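What follows is a short report on a single structure.
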Amino acid sequence: MANANTNNTEAEHVSIDSEAAHVISAVEECHDDDDVGALHDVVQGLPSHAVKDLLSVGVCTRCILRLFGIRGNIYSISAISPSILNSVIGEQRHGEDISSNSKESEFEEVLCALCLGILQFTYCDDKEIPVKKESANDMAVAISELVKREGYQIDSFSLEVSVPPIILENEHSVRLYMKRKYGTEPWFQGGPFSQSISAKDALKFSLAKPLETLLDCKSGISNFRIGLTFSHKASKVVQSVAVSKQGCKRIKTGNSIDSLDDSVAGDIKCSDLADATVERSFDGLQDNESSECFKFPLQKVNDACHLVLLCQRTPIYFGGRYLKYSRNVSQTRWIIDDERMGEASVEEIIGSNIQPLCQGDNYKFHAAGREDIDVRMLGSGRPFLVEVQNAHRIPSEAFVREIETNINNLENKLVGVKNLKVVGIEGWTMMREGEAEKQYAALVWISRPLEDVDLDSISSLKDMQILQGTPIRVLHRRSPLQREKIIHWMKIERIGGSSQYFLLHLCTQAGTYIKEFVHGDLGRTHPSIGSILGCRAEILQLDVTDVKMDCFLTE
C-alpha cells in the first residue's frame, strides 16, 4: 500500500495557490470551474495532517471527503484525486503530473481500502473482468447506454446502491483510529466524523448529476430504478457473523423497504435482510472502542467489487371492469392434467393485449371476486387490475384507449373491457374493499307450472337470511362450513310461451352460492327457491348483472 510519509520525502513543495490554479486550469475544458472552485474551498477547510494520514493508509479522495461529511455534486467532479488534496496541503511529488487525467499517481493505482474501489469507479463486470472508469461521467455513460439499449421510456429515475457489508466494518475501524489519534484536537471535537455520509450516498452524489444530463430527466423518487449492487468475497465472513448474531427470523412488515415497490408487503427472506442486519450490528458498535472485531491499518485490497447493474420499473397497474360474454371462458387460465378447461380465459385475453404494448416482462391479473366458467359477467362488469412487471413503455392516455379498443374489437367477442385506466397503488385499496352486493339473472326451471301467487310470494321476500353449507361441488377443495347469507330482494320475470321456465332476478350478499340457492343442494342450503315454491327447481343458466363496488365505474 502506498505510504504518504514516503511520498513526503520525495515531494516538491509549491505554493497552494499555484498548485490549485494548475489543477483548476486542467479541468476548465470540462466547464467545471464553479465545482472545482468549490472543491478547492472544501479541501482547504480540511485538517491537512489528518488528510495525509488517511491517504497514507489507502483511503481514496472521495472517501476522505465523505468521512468529513462533505455533500453534494462535488463528488462528480473529474478532478477529485489525491493530487488535488496534495495541491492544497502543499505536497507534490517530484515530476508528478497533477492534472485530472494523471495516471502516474501511486494512490490512483491502489484500490481504496475503505470503499474497495467503488468510489474510484473500479469494479468487475459479469465476466469477472476488471473495469476502470476514469470519472463519474464515464461510469454514468455506461449506465445510460444500458438504459437506452434496453429501450426504456423514462421521465425520471431513482438511483439505488447496495454495497458490501465489509465497507461498514472498514468505516468503523477508521472512525476508531481517527478518534484515538485525533480525538483531543479541536477540529475532531467539532464532530465532522459524526456527519460522515455512506459510500452508497457518495456514489449517488457522484452519478446523479451526469446521469440527469445523459438521460435528460431528473433523479429522485421514481417508478424507474437504476440499481447498482456491489458484492465482495471479503464480505461473506462479515455478513455471516453478523447474521448469526442477530438470528435469521422471517419478518412481516407493512412498510416499504429501501424505496422498493410499495405495493402489498409480504414476508421478507433472510437473505434480503442480511445487509440491514450487518449495518445494525456495526451501528450498535459505533462507540465501542474495545471491540476486537476490527483491525487497523486496513488490509490491502487486491480485488475490486463485483457489480451487477439492473434497470427495473416498478409495476404499472391498469384498472377497469371486464365483461365476459361466453359460458366457456374461465376467469384465469385453468389447466387440469395438462388439459385446458374452456376455450380461453379473461386473464389471458386482457393481459396478452396489455403486456406487449407496454413491453413488460410479464403480468399478473387480479379481480374482485370471480364467477364460474359457465356464468357470464354482464352489466357494469367486474373490477380488475392488471399488474405489468417492468414495463419499458410509459402508457399515455391515448395508449390506454388503444388497448381498450383492441380488446373490445376482437373477432371472437369473448371478453370486453370498460373504463380502462392506469391507476396507482390506490387501485389496490379500492379492490380490497371487496364486493358488498351482487345482482344476478338466472334461468330457472321448476317441476310445476308457475302461478301468479308465486311471483307475489317471491317478490315479497326482503333481506331474507339463508344458511348455506359448503356446496357439494366444491367440498373437495373447501372446508365444510355453514355460512349465513342475505338475499336482499328477488323478482320473477315470465318467459312467453312457457309455464315452467322463468328468469329470476335477485340481489344478494357477496359470497352467496346462487346455484345452490335455487336447487337447495340436497338440503344444504335452506331456504331455497325450491323449498319456497314447494317444488323441484333447477338452474339452467346464470349471469352476473352487477357488482356493487365503487371502483372503476367511470373513465
Side-chain angles (χ1 to χ4, degrees), residues 321-331 342-344 346 369-382 408 410-418 435-466 468 471-473 485-548 553:
R321 291 194 170 221
Y322 76 79
L323 299 106
K324 182 163 77 77
Y325 305 118
S326 170
R327 300 192 188 278
N328 195 30
V329 170
S330 57
Q331 186 187 80
E343 58 183 304
V346 176
R370 66 170 58 235
E371 65 282 331
D372 292 339
I373 188 172
D374 60 347
V375 176
R376 294 188 301 179
M377 180 66 241
L378 305 177
S380 60
R382 184 183 295 277
N408 290 334
L410 291 173
E411 290 185 9
N412 54 26
K413 300 293 184 183
L414 300 176
V415 170
V417 295
K418 58 197 306 185
E435 312 154 296
E437 298 177 3
K438 291 194 287 186
Q439 292 182 17
Y440 300 87
L443 177 60
V444 178
W445 172 89
I446 57 175
S447 59
R448 62 167 176 79
L450 186 66
E451 300 175 0
D452 291 340
V453 68
D454 297 328
L455 279 64
D456 295 334
S457 64
I458 290 294
S459 61
S460 65
L461 298 172
K462 306 294 183 184
D463 294 325
M464 178 178 67
Q465 189 174 63
I466 66 171
Q468 291 194 303
I472 294 172
R473 62 186 172 94
K485 297 295 179 182
I486 297 175
I487 309 298
H488 295 293
W489 55 261
M490 293 182 287
K491 181 179 67 174
I492 289 179
E493 178 184 348
R494 288 183 179 273
I495 297 178
S498 176
S499 62
Q500 291 180 265
Y501 293 88
F502 61 88
L503 287 177
L504 175 66
H505 300 276
L506 66 165
C507 177
T508 74
Q509 180 183 351
T512 304
Y513 292 106
I514 304 301
K515 294 176 180 178
E516 283 67 26
F517 172 64
V518 171
H519 58 65
D521 199 26
L522 301 179
R524 298 173 68 84
T525 293
H526 186 82
S528 65
I529 292 295
S531 66
I532 293 170
L533 297 180
C535 63
R536 180 184 168 194
E538 297 291 346
I539 185 167
L540 306 179
Q541 290 182 344
L542 179 64
D543 295 332
V544 184
T545 56
D546 195 15
V547 175
K548 299 292 186 181
L553 283 172

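Since this is a predicted model, take the numbers as computed values, not measurements.
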| query | Below 4.0 angstrom, N of the basic side chain to O of the carboxylate: do K324 and D372 qualify? | reply | no
| Under a 4.0 Å N-O cut-off, is there an ion pair linking R327 with D543? | yes
Where the side chain of [X] meets the backbone of [Y], is there a donor-acceptor pair that is under 3.5 Å apart?
{"X": "K491", "Y": "I458", "value": "no"}
{"X": "T545", "Y": "G379", "value": "no"}
{"X": "N408", "Y": "V417", "value": "yes"}

Could you measure the distance from the [atom1] atom of [X] to the [atom2] atom of [Y]? Nearest 0.5 Å is fine.
{"X": "L504", "Y": "I529", "atom1": "CG", "atom2": "CD1", "result": "5.0 Å"}
{"X": "S380", "Y": "L323", "atom1": "OG", "atom2": "CG", "result": "8.0 Å"}
{"X": "K462", "Y": "I486", "atom1": "NZ", "atom2": "CD1", "result": "14.5 Å"}
{"X": "L450", "Y": "R494", "atom1": "CG", "atom2": "CZ", "result": "4.5 Å"}
{"X": "R376", "Y": "E371", "atom1": "CZ", "atom2": "CD", "result": "12.0 Å"}
{"X": "S326", "Y": "M377", "atom1": "OG", "atom2": "CE", "result": "14.5 Å"}

| request: Indicate whether any N or O donor in one side chain lies under 3.5 Å from an N or O acceptor in the other, for K438 and Y440. | output: yes
